[in-house]
Amino acid sequence: MQQLYSSLAEKKKKGNKQFAVLIDPDKVNAGSLKRLVEHAVDCGVDYFLVGGSLVVSNFMDSCVQIIKRESNVPVLLFPGSPSQVCKYADALLYLSLISGRNPELLIGQHVVSAPAVRQSGLEIIPTGYMVIDGGAPTTVSYISNAAPLPSDKNDIAVCTAMAGEMLGMKLIYMDAGSGAKRPITESMIADVAKNISIPLIIGGGIKDPEKAYLNCKSGADMIVIGNAFESDTSLMKEIASAIHSIPVKA
Ligand code: 1GP
């Protein structure tokens, strides 16, 4: 049953903007994770994303279990590789890197991991993943071995997202990469949002409430922030409030 996806699609319909905190299992330990989750719940976070382009620690399963124990916030896996499939999460963003031309990340790794993914029992959400040039090489641009989509080529972004939707993707995730110098422009977000009807997730280099708000006003349905909170979580509340300040349709 596509419970989590149905609720995301419903929220999009109402213009109910969502705030997700991305947790990289390599960057936390049990203690710091507990504190982060507690704070995020206080701030009103809607989702946790867990994963990363490169996860080297063995902390994935425990990380998801701790989040589930400490909160009722849904956990979406955001895996950089098949080894990041974890049955304790609520759903898996089944990413296909549609902005790149690396067959391994378009379909190859999916074929190899299909039995394990099916067996996990997770809700699977097919996601068109688009890496947009964020002004400097990021881990995702290096690891994916695929050129990011140029940040000023809105038409390519629009056509890529449209193709993703027509291929059956249920979400589009546009990502400038973790810690990107230049987040995705509002103009690109607006152009893409106008041309698709599935929820649009935006992430990469967002660090302040103004940017999160403007992204949502331009058409983002969910804002993902990870890097900015690794050193300082003091703006989390304001960012959550900015995202949730956008009026919801009755
Ligand atoms: C990265 O979109 C996410 O894949 C979040 O980016 O870590 O820069 O917030 P940041």
Side-chain angles (χ1 to χ4, degrees), residues 8 17-28 32-33 36 39-40 43 45-56 60 63 75-81 84 89 92-100 105 125 127-146 148-149 151 157 161 171-186 188-189 192 199-216 218-240 242-243:
L8 269 174
K17 308 294 182 179
Q18 303 295 296
F19 173 39
V21 170
L22 171 64
I23 296 175
D24 178 340
D26 279 358
K27 307 266 174 66
V28 286
S32 66
L33 178 60
L36 178 66
H39 182 60
C43 294
V45 66
D46 300 296
Y47 295 93
F48 286 111
L49 259 61
V50 178
S53 315
L54 182 69
V55 172
V56 294
M60 188 82 193
C63 178
V75 177
L76 303 173
L77 294 179
F78 174 54
S81 73
Q84 294 177 34
L92 170 80
L93 300 183
Y94 203 39
L95 306 172
S96 180
L97 182 61
I98 58 173
S99 61
L105 299 184
I125 307 180
T127 302
Y129 186 48
M130 295 167 53
V131 176
I132 314 296
D133 187 8
T138 55
T139 309
V140 65
S141 60
Y142 178 78
I143 295 281
S144 67
N145 194 21
L149 205 149
S151 57
L171 295 174
I172 295 293
Y173 188 153
M174 292 209 295
D175 193 352
S178 197
K181 283 211 171 103
R182 279 197 320 252
I184 299 169
T185 63
E186 273 81 39
M188 182 180 276
I189 296 170
V192 168
L200 177 61
I201 304 179
I202 300 293
I206 302 168
K207 350 185 226 290
D208 55 67
E210 294 76 24
K211 187 75 189 160
Y213 178 80
L214 289 173
N215 278 199
C216 290
S218 307
D221 297 298
M222 184 191 293
I223 300 296
V224 180
I225 302 182
N227 195 70
F229 298 142
E230 278 162 20
S231 47
D232 180 9
T233 57
S234 62
L235 280 179
M236 198 185 281
K237 181 110 199 163
E238 272 179 70
I239 292 176
I243 294 169

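Indexing begins at 1, ligand by ligand and atom by atom, following the structure's order. Along the sequence shown, residues are numbered consecutively beginning with 1.
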- prompt: Asp46 side chain to Ala20 main-chain N or O, any donor-acceptor pair under 3.5 Å?
  reply: no

field: Exam field: side chain Asp26 to backbone Val56, donor-acceptor pair closer than 3.5 Å
entry: yes

field: Minimum heavy-atom distance between Gly51 and Gln84, given as atom pair plus value
entry: CA-OE1, 3.4 Å

- line: min-distance protein heavy atom vs atom 9 (O) of ligand 1 -> Gly226 N, 2.8 Å

- prompt: Where is the nearest protein heavy atom to atom 5 (C) of ligand 1: which residue, which atom, and how far?
  reply: Gly204 N, 3.6 Å

Could you tell me, atom by atom, which parts of ligand 1 come under 4.0 Å of a heavy atom of [X]?
X: Leu22; answer: 1 (C), 3 (C), 5 (C)
X: Ser178; answer: 1 (C), 6 (O), 7 (O), 8 (O), 10 (P)
X: Gly203; answer: 2 (O)
X: Asp175; answer: 1 (C), 2 (O), 3 (C), 4 (O)
X: Gly179; answer: 7 (O), 8 (O), 10 (P)

message: One residue to check: Asn227. Relative to ligand 1, which of side chain, backbone, both or neither has a non-hydrogen atom less than 4.0 Å away?
response: both

- prompt: What part of Tyr173, side chain from CB on, backbone N/CA/C/O, both or neither, has a heavy atom under 4.0 Å from ligand 1?
  reply: side chain

Has ligand 1 got any nitrogen or oxygen that is less than 3.5 angstrom from a nitrogen or oxygen of [X]?
X: Ala228; result: no
X: Gly205; result: yes
X: Ile225; result: no

Candidates Ile132, Val131, Val140, Thr138 - the one meeting side chain to side chain contact (heavy atoms under 4.5 Å, CB included) with Pro148: Val131

Side chain to side chain, [X] and [Y], heavy atoms closer than 4.5 Å:
X: Ile189; Y: Met174; value: yes
X: Ile243; Y: Met222; value: no
X: Leu54; Y: Tyr142; value: no

query: Rounded to the nearest 0.5 Å, how far apart are CG of Leu200 and OH of Tyr173?
result: 11.0 Å

- prompt: Under a heavy-atom criterion of less than 4.0 Å, does Phe78 contact ligand 1?
  reply: yes

Near-ring test Phe78/Tyr129, centroid separation under 6.0 angstrom: yes

